[in-house]
Amino acid sequence: MPMSPARANSPHVEFEGVGKSYDGTTLVVKDFNLQVAKGEFVTLLGPSGSGKTTILMMLAGFQSATAGRIRIEGEAVEDLPPRSRGIGMVFQNYALFPHMTVGQNLAFPLEVRGIDGEERHERVARALKLVRLEGMENRRPGQLSGGQQQRVAIARALVFEPSLVLMDEPLGALDRSLREEMQYEIRRIHRELAVTIVYVTHDQQEAMVMSDRIAVLKDGEVEQIASPEVLYEEPERAFVARFIGENNRLHGQVVTVEGGLCEVDAGRARIRALKVVDCEPGDRVTLSIRPERVSVNPEPGVFGNQVGATVRDLAFLGDHLRVHMEACGRKDFIAKIPNIVGHGGILVGDTVRVGWTVTDCRVLDYETKADRKEEDDQTT
């Protein structure tokens with residue numbers, strides 16, 4: 001039966017004003033809105049307690065929403081049980097049957113759906129080839145490495161050919177090298193199959209590597225939804241700047257506002273920056289500058305912002321030198337210097353000048369003491 005025009009043009013997944021409370025009072029997810037296009041890879045990213053797994057479980061049907069609507073291909077799914085939603089699921093703990101072989105694990109969801117023996121065999125073979133585990137169908141999960149078990153879990157989620165796959169921290173149990181390898185494998189599979197994936201992680205690097213878009217969550221609310229590049233280059237909130245990549249954040253008071261630019265007093269320095277949030281003279285704000293955009297001892301007049309700094313520590317990391325400094329009232333100001341000839345002229349204790357462009361510095365919402373307590377405890 002052909003799909004109706006309205007359904008054909010609708011997002012593959014849609015959350016509209018979705019909320020969730022476990023006790024009837026406190027909302028762990030608040031007015032969540034998101035549209036996921038068909039074939040898109042969207043990640044829900046945030047720290048523990050941000051609501052990301054709860055959102056995924058509501059989409060899967062394992063939990064019910066307290067408010068709002070969830071639609072899959074234009075159809076409301078609140079009353080549909082998980083087995084009727086046609087969703088593939090991948091969990092952190094693999095959830096493989098230890099008493100079954102790899103082939104039997106993959107065949108199980110096909111048997112449940114009444115697919116006959118010959119087609120089951122062909123689909124299992126295709127799924128194993130997709131995850132590069134051909135020839136392992138007779139092994140049991142206990143005979144496989146962690147990375148191989150996760151590949152089997154992914155194959156099982158895909159074997160019945162769902163159009164939507166949900167992944168909840170699927171790489172959390174793997175060591176770093178395996179985790180990085182599997183990030184690219186999942187991305188390869190996504191591109192090969194053009195399946196829609198909604199992914200959950202607290203690892204910002206993982207999200208950046210794999211996602212088309214990322215929804216950054218904090219305390220059950222969306223801070224920003226954008227592509228990885230936009231989140232990194234154009235954070236709209238101080239939390240996003242802090243959570244996505246490394247960042248220098250200065251706290252100060254707005255002195256002047258002219259069009260899209262502000263001047264801010266920050267640690268006895270006057271800084272010029274892009275105005276991202278609405279602010280007026282006298283407002284407290286947070287300034288955000290990426291460490292790789294900071295130049296050490298630049299020529300006078302090259303940058304719109306230049307301040308004095310004291311070098312506290314140096315760390316050689318192969319491709320770059322991390323310079324830890326005290327600047328603008330912060331003891332944890334960082335610059336990254338590429339590993340090229342001449343970078344070794346800086347020593348601990350040196351007084352230097354640091355500079356950055358006005359457009360590389362963003363005026364964001366003010367972080368309260370509670371927001372930055374953990375960071376300040378570690379750096380003062």
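Reckoned from all heavy atoms, side chains included, excluding hydrogens, waters and symmetry mates. Just so it is clear, the model here is predicted, and its values are computed rather than measured. Residues: numbered from 1 along the sequence shown.
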Checking Glu137 side chain against Gly135 main chain: does a donor-acceptor pair fall under 3.5 Å?
->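 Answer holds: yes.
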Check: Lys52 side chain, Thr43 main-chain N or O, donor-acceptor pair, under 3.5 Å =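 Pair absent, no side-chain N/O of Lys52 close to backbone of Thr43.
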Tell me, yes or no, whether the heavy-atom count around [X] atom [atom1], taken from other residues, nucleotides or ligands under 6.0 Å, exceeds 12.
X      : atom1 : value
Glu280 : CD    : no
Tyr22  : OH    : yes
Asp278 : CG    : no
Glu299 : CD    : no
Arg139 : CZ    : no
Arg69  : CZ    : no
Asp319 : CG    : yes
Arg126 : CZ    : yes

Treating Ile, Leu, Val, Met, Phe, Trp and Tyr as nodes and any side-chain heavy-atom pair under 4.5 angstrom as an edge, say whether [X] and [Y] lie in one connected cluster.
X      : Y      : answer
Met57  : Ile55  : yes
Ile197 : Ile214 : no
Leu110 : Leu193 : yes
Leu166 : Phe91  : yes
Val42  : Leu164 : yes

Just wondering, do Phe62 and Thr54 contact through their side chains at under 4.5 Å, heavy atoms?
->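 A side-chain contact is absent here, since even the closest heavy-atom pair is not under 4.5 Å.
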Taking all non-hydrogen atoms of both residues into account, name the closest pair between [X] and [Y] and its distance.
X      : Y      : result
Met167 : Val165 : CE-CG1, 4.0 Å
Asn105 : Phe97  : OD1-N, 2.8 Å
Val277 : Leu364 : CG2-C, 3.7 Å
Arg213 : Glu40  : NE-OE2, 2.6 Å
Leu178 : Gly147 : CD1-N, 3.9 Å
Arg290 : Tyr232 : NH2-O, 2.9 Å

Got a second to check how far [X]'s [atom1] is from [Y]'s [atom2], nearest 0.5 Å?
X      : Y      : atom1 : atom2 : result
Gln143 : Gln149 : CD    : CD    : 10.5 Å
Leu250 : Glu367 : CG    : CD    : 10.5 Å
Ile346 : Asn297 : CD1   : CG    : 6.0 Å
Ile70  : Leu80  : CD1   : CG    : 11.5 Å
Asp168 : Tyr199 : CG    : OH    : 9.5 Å
Glu234 : Ser227 : CD    : OG    : 8.0 Å

Salt bridge (Lys or Arg N to Asp or Glu O under 4.0 Å) between Arg270 and Glu263, intermediate numbers included = CA-CA 7 Å; Arg270 183 68 62 89; Glu263 285 194 344; 3.3 Å; yes
Short N-O contact, [X] and [Y], less than 4.0 angstrom:
X      : Y      : result
Arg330 : Glu326 : no
Arg187 : Asp212 : yes
Glu223 : Arg237 : yes
Arg272 : Glu258 : no

Report the relative orientation of the aromatic rings in Phe15 and Phe32; use parallel for angles under 30°, tilted for 30 to 60°, perpendicular for over 60°.
->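 Phe15 and Phe32: perpendicular rings.
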Any chance you could lay out the salt bridge (Lys or Arg N to Asp or Glu O under 4.0 Å) test for Glu185 and Arg132, step after step, and finish with the verdict?
-> CA-CA 10 Å; Glu185 281 297 294; Arg132 299 174 180 175; 3.0 Å; yes
Residue of the set Thr359, Thr357, Asn248, Asp360 for which side-chain hydrogen bond (donor to acceptor under 3.5 Å, both in side chains) holds with Arg293 =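 Option passing the side-chain hydrogen bond (donor to acceptor under 3.5 Å, both in side chains) with Arg293: Asp360.
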Regarding Thr101 and Asn138, is there a side-chain donor-to-acceptor distance under 3.5 Å anywhere?
->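 Not at all, the side chains of Thr101 and Asn138 share no donor-acceptor pair under 3.5 Å.
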When you check the side-chain N and O atoms of Thr201 and Asp203, is any donor under 3.5 Å from an acceptor?
->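 Checked: Thr201/Asp203 side chains show no N/O donor-acceptor pair below 3.5 Å.
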Full working for salt bridge (Lys or Arg N to Asp or Glu O under 4.0 Å) between Glu246 and Arg322 | CA-CA 12 Å; Glu246 195 168 23; Arg322 286 171 57 87; 2.7 Å; yes
Could you go step by step and tell me if Glu73 and Lys38 meet the salt bridge (Lys or Arg N to Asp or Glu O under 4.0 Å) rule?
-> CA-CA 9 Å; Glu73 294 187 310; Lys38 195 169 187 64; 3.5 Å; yes
